[in-house]
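All remarks here apply to the structure that follows.
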Amino acid sequence: MRVLFIGPPGAGKGTQAARVAERLGIPHVSTGDMFRHHVSAGTELGLRVDSIMKAGDYVPDEITVEMLRERIAEQDAVGGFILDGFPRTAGQVEALDGLIGSEGLDSVVVFEVGEDELVERMLGRGRPDDTEDTIRNRFKVYQEQTEPLLEIYRERGLLVPVDGMAPIEEVTERILSALGQS
Ligand code: AMP
C-alpha cells in the first residue's frame, strides 16, 4: 500500500504516519526526518539544507526528489510506504508520478486541524525550526505551494480527509478505517 500524508505543519502527520506505518508493517518515509538526520550528522547535504530548514523554506526539488528516489528504491519500500511530507510542490508531484506512475498511489490522507491549535502544538514541541517567525513562514509556504496540490489528488479520487483534532489513538483508528485496514 502506498499512501501520502499531507497537512499543515504541526497537524500530527509525523506522529500518525509512524503509528500507521507500524500497524501496516510498511516503512514511514519522512523527508523532514531524513533532512534532520543529515543536519545532525553534519553531512554535505545537511550543511546545505540547515539554513533553509531554519528559515521554514522548502529545500529545492532536485535535492529532495533525489533523496526520496533513493529511499523508495530500497528493499523495504518495495511493498509500499507511507510518505510523510512529500510531495510538497507541483514539481514533486510530477516527480513522484514519474517514479511510481500516476496510478501508483492508493490514498492521500489530508489532515484538517484549526490554525490556533497548530501554533500551540508547534511551540510546544521545541524543534529548532519551531520559532514563531519560522512557524509563520512554514504556514505561508504550505498554503502557497502545498495546499493547491490537494486539487490534483482530489481529481484522482484519492483524498481521505481526517480530523486531526481528536486524541492520537482515535486519529490513528480513523485513518486505518478510512484506508480499509482496521
Ligand atoms: P517536516 O518535518 O516535514 O515539517 O519538514 C521539515 C523541513 O524540512 C521543512 O520545513 C522543509 O524545510 C524541509 N522539507 C521536508 N520535506 C520537504 C519537501 N518534500 N520539500 C521541500 N522541503 C522539505
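Indexing begins at 1, ligand by ligand and atom by atom, following the structure's order.
Looking from atom 7 (C) of ligand 1 to the surrounding protein, the closest heavy atom is M53 CE, 3.7 Å. With respect to atom 12 (O) of ligand 1, the closest heavy atom belonging to the protein is D57 O, 2.6 Å. Looking at atom 5 (O) of ligand 1, its nearest protein heavy atom turns out to be G32 CA, 3.5 Å. Taking atom 10 (O) of ligand 1 as the reference point, the nearest protein heavy-atom neighbour is R138 NE, 3.9 Å.
Residue Q92 touches ligand 1 through its side chain alone, judged by heavy-atom distances below 4.0 Å. Contact annotation: for F35 versus ligand 1, heavy atoms closer than 4.0 Å belong to the side chain alone. When non-hydrogen atoms are compared, ligand 1 lies under 4.0 Å from the backbone of V59 as well as from its side chain. Using a 4.0 Å cut-off between heavy atoms, R127 contacts ligand 1 through its side chain alone, with no backbone atom that close.
Residues R19 and E169 form a side-chain contact, since some pair of their non-hydrogen atoms from C-beta on lies under 4.5 Å apart. I152 has its side chain out of reach of L150: every pair of non-hydrogen atoms, C-beta onward, lies at least 4.5 Å apart.
Checked for salt-bridge contact, R88 and E147 miss the test: no charged N lies under 4.0 Å from a carboxylate O. At a threshold of 4.0 Å, the pair R138-D129 counts as salt-bridged, since one of the basic side-chain nitrogens sits closer than that to a carboxylate oxygen. Salt bridge annotation for R136-E132: present, with a cationic side-chain nitrogen under 4.0 angstrom from a carboxylate oxygen.
The closest approach between Q145 and ligand 1 stays at or above 4.0 Å for every heavy atom of the residue.
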Throw together a table of side-chain donor-acceptor distances under 3.5 angstrom for residues 94-110, partners on residues two or more places apart or in other chains.
{"from": "D97", "atom 1": "OD1", "to": "R156", "atom 2": "NH1", "distance (Å)": "3.1"}
{"from": "D97", "atom 1": "OD2", "to": "R156", "atom 2": "NH2", "distance (Å)": "2.7"}
{"from": "D106", "atom 1": "OD2", "to": "R2", "atom 2": "N", "distance (Å)": "2.7"}

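A donor atom on one side chain and an acceptor atom on the other are found under 3.5 Å apart for T146 and Y58.
Remark: ligand 1 and R36 share an N or O pair separated by less than 3.5 Å (distance only, no angle test). Considering backbone and side-chain N/O atoms, T31 comes within less than 3.5 Å of an N/O atom of ligand 1. Ligand 1 has a nitrogen or oxygen under 3.5 angstrom from a nitrogen or oxygen of G85. In terms of polar-atom proximity, defined here as any N/O pair under 3.5 Å, R88 does make such a contact with ligand 1.
At most 12 non-hydrogen atoms from other residues, nucleotides or ligands lie less than 6.0 angstrom from CD of E22. By the 6.0 Å contact criterion, CD on E44 is open, its count of non-hydrogen atoms from other residues, nucleotides or ligands being 12 or less.
For ligand 1, the atoms closer than 4.0 angstrom to any heavy atom of T64 are 18 (C), 19 (N), 20 (N), 21 (C).
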